[in-house]
2 protein chains.
Amino acid sequence: MAECVCSSIRKAARAVTELYDGILKPSGLRVTQFALLAVLASAGSTTITRLGQILVIDRTTMTRNLKPLVNQGLITIEAGQDQRTRVVTLTPSGREALAKALPLWEKAQTRVVEGLGRQRWRTLLADLSAVIALARLE
Amino acid sequence: MAECVCSSIRKAARAVTELYDGILKPSGLRVTQFALLAVLASAGSTTITRLGQILVIDRTTMTRNLKPLVNQGLITIEAGQDQRTRVVTLTPSGREALAKALPLWEKAQTRVVEGLGRQRWRTLLADLSAVIALARLE
DNA sequence: CAGCGATAGGTGCATATACTCCTAATATGA
DNA sequence: TCATATTAGGAGTATATGCACCTATCGCTG
């Protein structure tokens, strides 16, 4: 099953997560949490469902992933205009944590990109996007 | 953070896992479990640590991932010659479950491979291998 | 052969992931 | 406008993931 797309991607995800998490460790953030904060920083306050759509994470998983960040005071969750929605907002403390983690992320990222070569890295990102689009059809 | 290698791979892993799990559903196996059984079928009985090395999964995670498969009677775990080790073996029932899941896996796999194109698929697998090797240096 | 480092594995803990089923609020349309 | 479908979210359950720390066994070496 060496050619299984899914297993290969999952395997790579585990390997690369371990690398990033290890390097990010001093920041106190995991790569999942870092990515979440980064999305909030760039997209601004948004609902839980919207965050899930952006990150390709199930709605209910998002709810749970947000919890440790709330506990650490990095984000807040409040009711939106639409009373059904809950709006997630980056706190100053969250913005600070993100800024502190950024150079560590860059370190991990550089290691992979340089090891892989820029061209190959670009190809990989494009291929992964294609896979995501494919998987999410219908 | 759209260019984050780690986030992109994780995102793709989620998307593609959902696809495979959905298609594999009638077999009662998840893609993680399918991959595990497939490794056992091709490599034969092995220890927990060895399985983890093959699948790039932490030793302790392996222990837990094996549990539902034992409960379903698809594998057995027994002490090895070396009394420290525990040897995992595919049962006839496990072999059967794997065989039943295979055509479903092929369906999911075909969909991704054809959607992506053979060439691009090959490139992706090679790039993912490179990423794994990179991440696991040192 | 006694002791010690290395190896195999397990447990506790925390996070990550998603499905099913549930409630509440909104939007829609007869 | 009221009934209904849709949408946003949460809770229960089960699996997936790995780190820190623990025990038991093995192999090696003085």
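What you see is a predicted model; the values in this text were computed from it and never measured. Here is how names work: the chains are called A, B, and so on, in the same order as the sequence lines, proteins then strands, and each is numbered from 1.
- Residues B:I23 and B:W105 are not in side-chain contact: their nearest non-hydrogen atoms beyond the backbone lie 4.5 Å or more apart.
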List the steps and the verdict of side chain to side chain donor-acceptor pair (under 3.5 Å) for A:R50 and A:Q53. CA-CA 5 Å; A:R50 182 82 195 102; A:Q53 286 167 347; 3.2 Å; yes
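- Protein atom CD1 of A:I48 is 9 Å distant from nucleotide atom C1' of D:dG10, rounded to whole Å.
- Under the side chain to side chain contact (heavy atoms under 4.5 Å, CB included) rule, A:M62 has a single partner from A:I54, A:T47, A:T49, A:I57, which is A:I57.
- One interatomic measurement links the two molecules: CD of A:Q72 to P of C:dA14, which rounds to 12 Å at whole-angstrom precision.
- Per the geometry, NZ belonging to B:K67 stands 15 Å off P belonging to C:dG9, to the nearest Å.
- Note that the CG atom of A:L51 and the CG atom of A:L36 stand 6.0 Å from one another [nearest 0.5 Å].
- Between A:D21 atom CG and C:dT15 atom C1' the separation is 10 Å, expressed in whole Å.
- Rounded to whole Å, the distance from CG on B:L29 to P on D:dT15 is 12 Å.
- When side chains are defined from C-beta on, A:Q109 counts as touching A:Y20, because their heavy atoms get closer than 4.5 Å.
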Any chance you could list the contact pattern along nucleotides 16-25 of chain C? Use B for base contacts, S for sugar-phosphate-only contacts and - for none, protein heavy atoms under 4.0 Å, 5' to 3'. SBBBB----B
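- The interatomic distance linking B:L36 (CG) with D:dA16 (C1') rounds to 12 Å, in whole Å.
- Residue B:T47 places none of its side-chain N or O atoms closer than 4.0 Å to OP1 or OP2 of C:dA8.
- Going from atom CD of B:Q53 over to atom P of D:dG18 covers 14 Å, rounded to whole Å.
- In this structure, B:T85 does not reach the C:dA8 phosphate: none of its side-chain N or O atoms is under 4.0 Å from OP1 or OP2.
- Mapping A:N71 and A:Q81 onto DNA chain C via the closest heavy atom, the residue that lands nearer the 5' end is A:N71.
- Side-chain contact between B:C6 and A:F34 is absent, with no heavy-atom pair separated by less than 4.5 Å.
- Regarding B:Y20, its OH atom lies at a distance of 17 Å from the P atom of D:dA16, rounded to whole Å.
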